[in-house]
Student: 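Next up is a structure, given as structure tokens.
Quick caveat: nothing in here was measured; it's all calculated off a predicted structure. Below, chains carry the letters A, B, ... as their sequence lines are ordered, and counting in each starts from 1.
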Amino acid sequence: MTGSSHPVPVVEAQGVKVSFGAVRALAGVDLVIRQGECVGLVGHNGAGKSTIVNVINGGLSPHDGTLSYEGEAPGRYGINSARGHGIRCVFQELSLCPNLTVIENMRVMHRALSGWGWRSRAAAAIKGKLDEIFPGHRIDRSRAVGDLSIAERQMVEIATAFADVGQKPKLVILDEPTSSLDASLAEQLLAHIRAYVAGGGSIIFISHILGEVLSTATRIVVMKDGRVVADRPASEFTQQKLVQAMGSVVAEKRDARAVRAATSTAPVLSLPLRRGRGLPFKAFPGEIVGLAGLSGHGQTDMLVDLYLSRSGNWLQRRKPEVAFVAGDRGYNGTFPLWSILKNMSVASLGDLSRATFVDEQHEAELGDEWKRKIEVRTQDMENGILSLSGGNQQKVLFARALAARAPIVLMDDPMRGVDIGTKQEVYDILRSEAENGCTFIWYSTEMEEVCICDRVYVFNAGAIVAELAGNDINEENILAASFTEAVIGEAVA
Amino acid sequence: MNALRSLSARPWIWSFVATAIVWLVTIMFTGGASAAGLSQAAFTFAAFSVIVGIGQMFVITLGPGNIDLSVPAMITLSGTVALKLMDVDNSLILPGLAVAIGLGVAVGIGNFAFIKLLRIPPIIATLSMSFIVQSMAIWTNRGIRVKPPAMLADFTTSTIWGIPNIAIAAFVLSAIAWVLLQKTVYGRWISAIGQSIPAARMAGIPVDGVRLATYVLCAVLASICGYLLASFSGGAALNMGSEYLLMSIAVVVIGGTAVAGGDSNVPGIWGASLFLFLVVSMLNTYGLGAGIRLVMTGVIIIAVIMVAGGRKRGRS
């Protein structure tokens, strides 16, 4: 059973396009997965890896283009149709039910486990797979998944996907499967993948750890901005070439703003080492400091901790020290019941009130001023905040932070889902505010934005692992630094 | 027509409509004989629910999970302690009120200390607090019924131009509450916290300070209610607060305050309080037994909530 004896590919996607509102997630992707190959899928956050995977497993319908399983187009897109063709998925965000036991979770994923005695059949199947993939594991199958450690949960999820109950899996999609496994478990998994592929199975392997991809994949597909930019056998890549293929050098470097001589002045902000590792953090007045690295490596946590430690939880400070622009609007950004105006003014109520009474006329004036400045597209600031598009809601959050007149503004990847026009407007506002002495600390998952910053800290596993400034800020350096591990207790630089 | 439509979009209008219907039905049965008496009684008894209900409304506005179940015990404790302290002496009326308010502040702080320091959900924390408070009331009272000072008893039971004094007091308190909610920074803050605690915190709102103030406010309003209720009914009794547990929550819900938090409503509290009193008197007038009366009360409350809940949520 080799690829050549089975010319029909397991999955074939042609010209697949998907967009979410103004954001184009996939701009015409062709991807073919044949039998007996492990395709490594790499690219930045937001390159479209997860989106194409969701199209293949039936979670998303392509807005344009075609998809076929084993040569036939599915009558209806959907998870069931994909599973019917033997496609299984292991997600990055674990998708097991935490209140059910390992065995019960098997039943959820495998409908074939029905009728009398499904428990014992499920128990045997999951035990067999776990023993096969992770020999020496000590997972109790009758425990609730929520009681297992995150690594054990990941192992169960992987074993569940590979389990053969009534129907053999033909294509297993692994999205960051090793992110919560330690080195030895990861090696066991990679060995299993190689054996599985040699036996004729297919794998889509997504990982940010390039070494793993190079050693395991037979073919590597590089994605960028919703397109496939390289698709070649793994043997033709090296780590260096892979990084180059993933990154685009920013078209034109901004007129090299001299690295601020600000280092001579006192920093407005300095933090000790995060978790006792890596480098210390400093920010100087009028600086735009970028936080880079792979998503979920502690950037947001640092911003939130910074904010909480510098604002009162019991009493409000007279002058706000910090302001925050949320990236996850629904979680810590907007107030859904309120008007645009109230959402905007909430952080500046101290300025707008006399003897605790809100001066509504003053508030309306402030609203009009910022509406003009950042061009919020609405007829009336009294309209509900949810009447605005995502990008405009984001502008309101920017206005909220800037109107608070805090000397430090923290930004938690605020450009997620914002279209390019709005981005340009906001970049200009940032520049002019920074020239007025405001300090911005900006976490972004977009390389272009990080490259606008004056100085960049790169995060890995909760700690700062590198500091880049001036012309050293480029995609290659940032990517390379993202994969370095922090040294424990490194001397303060 | 337009005015009618904008009026029907107000969440509080339904409790007033229901009140008017129940009032008319009751008056029709008695042939109009008791219209004035019934209205006066309704305003007097509704006033107590209004005072407690406003406090509960502030707490519920803080968002899902926030509720104060120590309200009935607070009413009993402040009534007993204040009356015992005043000891029928007219000159101690104001000190008595001050002590009642002081007790409210202490219990409010205690409630939030349980919630915050011990990380207990409000429903459990305030319920535990209510056992402590009720025990304190039993310990102070020891079964003796102290009469209120004559002046205070007079004040609480008399009327000005036909309007009960108690209702006027409740009206003043609700006007203050309305201003607090609509016009001040504090009002903005509790509405923001009710919509999203993380968003409120990251917008610079001192979340824990505001929550503490709100639990204290609720306990203080309950203790004022206890003070007035004990004076009105000629002495404190250990079960005097018990009916206000359900009542304080029911008037908030029927009055159109969002149970999910963030959106409160003062006028609705009045409508709901009058309505709940009138339903009971209507069923009494019709001479129904106690069992049927309770069942009917429950059914009518559910019906009103369904009608009021069917409308689109008015958002401001």
Student: Without hydrogens or angle criteria, can the side chains of Asp412(A) and Thr300(A) be said to hold a donor-acceptor pair below 3.5 Å?
Tutor: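 Yes.
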
Student: Where do Val216(B) and Phe112(B) land on the side-chain contact (heavy atoms from CB on, under 4.5 Å) test, with the steps shown first?
Tutor: CA-CA 8 Å; Val216(B) 168; Phe112(B) 194 65; over 6 Å; no

Student: If the contact rule is any heavy atom under 4.5 Å from chain B, which residues of residues 358-371 of chain A qualify, in numerical order?
Tutor: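 Listed by number, the contacting residues are Val358(A), Glu360(A), Glu363(A).
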
Student: For chain A, which residues from residues 204-213 of chain B have at least one heavy atom closer than 4.5 Å to it?
Tutor: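 Answer by number: Gly204(B), Ile205(B), Pro206(B), Val207(B), Asp208(B), Gly209(B), Leu212(B).
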
Student: To the nearest 0.5 Å, tell me how far Thr61(B) OG1 sits from Gln195(B) CD.
Tutor: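 Rounded to the nearest 0.5 Å, the OG1-CD separation comes to 10.5 Å.
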
Student: Would you check if the side chain of Thr439(A) reaches a backbone N or O of Ile408(A) as a donor-acceptor pair within less than 3.5 Å?
Tutor: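 Not a single qualifying donor-acceptor pair exists.
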
Student: Leu62(B) and Tyr215(B): side-chain contact (heavy atoms from CB on, under 4.5 Å), yes or no, with the steps?
Tutor: CA-CA 10 Å; Leu62(B) 285 177; Tyr215(B) 275 93; 4.0 Å; yes

Student: Between atom CD of Gln56(B) and atom CG of Asn66(B), what is the distance when rounded to the nearest 0.5 Å?
Tutor: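 It is 10.0 Å, given to the nearest 0.5 Å.
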
Student: Below 4.5 Å from any heavy atom of chain B, which atoms of Val304(A) appear? Answer side chain, backbone, both or neither.
Tutor: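 Backbone plus side chain of Val304(A), per the 4.5 Å heavy-atom cut-off to chain B.
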
Student: Quick check on the interface: out of Gly262(B), Ser191(B), Gly194(B), Gly187(B), who has the most heavy-atom pairs with chain A under 4.5 Å?
Tutor: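 Top option by heavy-atom pairs under 4.5 Å: Ser191(B).
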
Student: Is there a donor-acceptor pair closer than 3.5 Å between any side-chain N or O of Ser196(B) and the backbone N or O of Tyr331(A)?
Tutor: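 Side chain of Ser196(B) to backbone of Tyr331(A): a pair is present.
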
Student: Classify the ring geometry between Trp442(A) and Tyr427(A) as parallel (under 30°), tilted (30 to 60°) or perpendicular (over 60°).
Tutor: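 Trp442(A) and Tyr427(A): tilted rings.
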
Student: Could you tell me which portion of Leu315(A) (side chain, backbone, both or neither) has an atom closer than 4.5 angstrom to a non-hydrogen atom of chain B?
Tutor: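 The answer is the backbone of Leu315(A).
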
Student: Identify which part of Ser345(A) has an atom lying under 4.5 Å from any heavy atom of chain B, answering side chain, backbone, both or neither.
Tutor: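 For Ser345(A), the contact with chain B is made by the side chain alone.
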
Student: Nearest 0.5 Å please: distance from the CZ atom of Phe459(A) over to the CG atom of Leu291(A).
Tutor: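 So the gap between those two atoms works out to 5.0 Å.
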
Student: Rounded to the nearest 0.5 Å, what separates atom CZ in Phe357(A) from atom CZ in Arg354(A)?
Tutor: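 That separation rounds to 11.5 Å.
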
Student: Quick one: what part of Leu410(A) sits under 4.5 Å from any heavy atom of chain B, side chain, backbone, both or neither?
Tutor: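 The answer is neither part of Leu410(A).
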
Student: Just verifying a value: how many Å separate Met344(A) CE and Trp338(A) CH2, rounded to the nearest 0.5 Å?
Tutor: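 Atom-to-atom, Met344(A):CE and Trp338(A):CH2 are 12.5 Å apart.
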
Student: Decide yes or no on side-chain contact (heavy atoms from CB on, under 4.5 Å) for Ile249(B) and Leu69(B), but give the supporting numbers first.
Tutor: CA-CA 9 Å; Ile249(B) 300 165; Leu69(B) 299 186; 4.1 Å; yes

